[in-house]
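Residues: numbered from 1 along the sequence shown.
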Amino acid sequence: MTSPSASSRAAIRFSTCDLCDSLKSDSSGATRWLPGSLYRSYGGQARFAGPVATVRCLDDNTPVKAAVESFGAGRVLVVDGGASLRRALVGGNLAASAAKNGWAGVLVHGAVRDLEELRAAAVGIFALGHVPMPTERREPGLADLPVQIEGVWIRPGDWLYADEDGVVITPSAVHPAG
């Protein structure tokens with residue numbers, strides 16, 4: 001599957017509600033969603049979509065930094081931070097790197113910080129919450145593996161769609177009108 005360029009990412013228009021309406025008869029379990037009330041939008045883009053890359057880390061954002069400093073190619077980085085709100089896994093510098101390197105968005109199952117800088121970054125950022133405490137460098141975490149968030153499996157290469165109504169994951173790109 002090819003990744004969208006920056007110009008085609010801007011052209012991807014969707015609504016997660018429309019996406020769910022179009023896929024509601026799918027009984028295969030291929031379409032998954034995260035509880036919408038869990039995540040808040042913190043980034044400069046309130047809507048984002050793209051193929052998934054994953055990292056798993058707890059209170060140490062080493063793999064997050066490595067990912068967003070690499071070429072994003074319109075992907076969405078899913079960070080399984082174990083729902084920890086003790087330390088921020090994404091802050092202003094990493095958000096700026098994600099935007100500069102072509103990431104469509106970052107979904108953090110954990111905390112972020114530097115809220116003013118996150119809002120200024122041209123990238124979507126969803127997280128459980130925020131905390132001013134920086135990361136600790138203890139355990140480097142893992143990258144490019146399936147992660148389970150709130151009982152929902154998310155795999156590298158899946159497609160993630162996020163907007164104010166929620167987060168939907170599909171095994172491949174789906175672009176309903178929205």
Side-chain angles (χ1 to χ4, degrees), residues 1-57 63-64 67-68 70-83 89-90 95 98-99 101-112 118-119 121-129 142-178:
M1 169 179 1
T2 60
S3 298
S5 68
S7 61
S8 66
R9 271 188 290 135
I12 294 175
R13 311 235 353 113
F14 69 92
S15 155
T16 57
C17 290
D18 290 344
L19 183 62
C20 287
D21 287 348
S22 71
L23 299 172
K24 68 184 173 190
S25 62
D26 173 17
S27 61
S28 71
T31 302
R32 294 148 279 146
W33 57 94
L34 297 174
S37 62
L38 291 180
Y39 293 95
R40 175 177 166 195
S41 176
Y42 288 94
Q45 304 292 321
R47 175 185 316 258
F48 57 92
V52 168
T54 63
V55 297
R56 180 184 300 145
C57 52
V64 179
V68 300
S70 70
F71 182 55
R75 292 177 293 163
V76 174
L77 181 63
V78 174
V79 180
D80 179 359
L89 296 175
V90 173
N101 290 315
W103 289 86
V106 181
L107 181 126
V108 182
H109 192 61
V112 296
L118 297 182
R119 284 189 297 272
V123 66
I125 300 172
F126 276 28
L128 292 177
L142 301 167
D144 299 320
L145 71 162
V147 296
Q148 190 175 37
I149 296 177
E150 298 299 320
V152 176
W153 283 103
I154 304 173
R155 295 167 184 83
D158 282 347
W159 268 71
L160 185 142
Y161 298 83
D163 66 12
E164 64 187 349
D165 286 309
V167 177
V168 176
I169 301 102
T170 61
S172 58
V174 178
H175 300 295

Are any side-chain N or O atoms of [X] and backbone N or O atoms of [Y], one a donor and one an acceptor, separated by less than 3.5 Å?
X: Asp163; Y: Ser15; result: no
X: Trp103; Y: Phe71; result: no
X: Tyr161; Y: Gly50; result: no
X: Asn101; Y: Val68; result: yes
X: Arg56; Y: Pro146; result: yes
X: Arg32; Y: Trp153; result: yes

Test of understanding: with side-chain contact (heavy atoms from CB on, under 4.5 Å), list the residues that count as partners of Ala111, not counting sequence neighbours. Leu85, Val131

Just to verify, what does Thr31 make a side-chain contact (heavy atoms from CB on, under 4.5 Å) with, not counting sequence neighbours? Leu23, Asp26, Val168, Thr170

Of Val106, Ile154, Val108, Ile169, which is the lone residue that meets side-chain contact (heavy atoms from CB on, under 4.5 Å) with Val78? Ile154

Looking at every non-hydrogen atom in both residues, tell me the closest pair between [X] and [Y] and how far apart they are.
X: Asp158; Y: Pro171; value: OD1-CA, 3.8 Å
X: Trp159; Y: Pro51; value: CZ2-CD, 3.6 Å
X: Ala121; Y: Ala95; value: CB-CB, 3.8 Å
X: Leu160; Y: Ala162; value: CD2-CB, 4.0 Å
X: Ala104; Y: Val76; value: CB-CG2, 4.2 Å

Would you compute the distance between atom [atom1] of [X] and atom [atom2] of [Y] and round it to the nearest 0.5 angstrom?
X: Cys57; Y: Leu89; atom1: SG; atom2: CG; result: 4.5 Å
X: Arg75; Y: Thr54; atom1: CZ; atom2: OG1; result: 10.0 Å
X: Leu107; Y: Asp80; atom1: CG; atom2: CG; result: 10.0 Å

Does the separation of the ring centres of Phe126 and Phe48 fall below 6.0 angstrom? yes

Apply side-chain contact (heavy atoms from CB on, under 4.5 Å) to residues Leu128 and His109 and explain how you reach the verdict. CA-CA 6 Å; Leu128 292 177; His109 192 61; 3.7 Å; yes

Heavy atoms of other groups near Glu150 CD, more than 12 under 6.0 Å: yes

Report the C-alpha separation of Leu142 and Val55 in whole Å, then their side-chain angles, then the decisive distance to 0.1 Å, and conclude whether the side-chain contact (heavy atoms from CB on, under 4.5 Å) test is met. CA-CA 6 Å; Leu142 301 167; Val55 297; over 6 Å; no

Is NZ or CZ of Arg119 both nearer than 6.0 Å to the six-membered ring centre of Tyr42 and within 45° of the ring axis? no

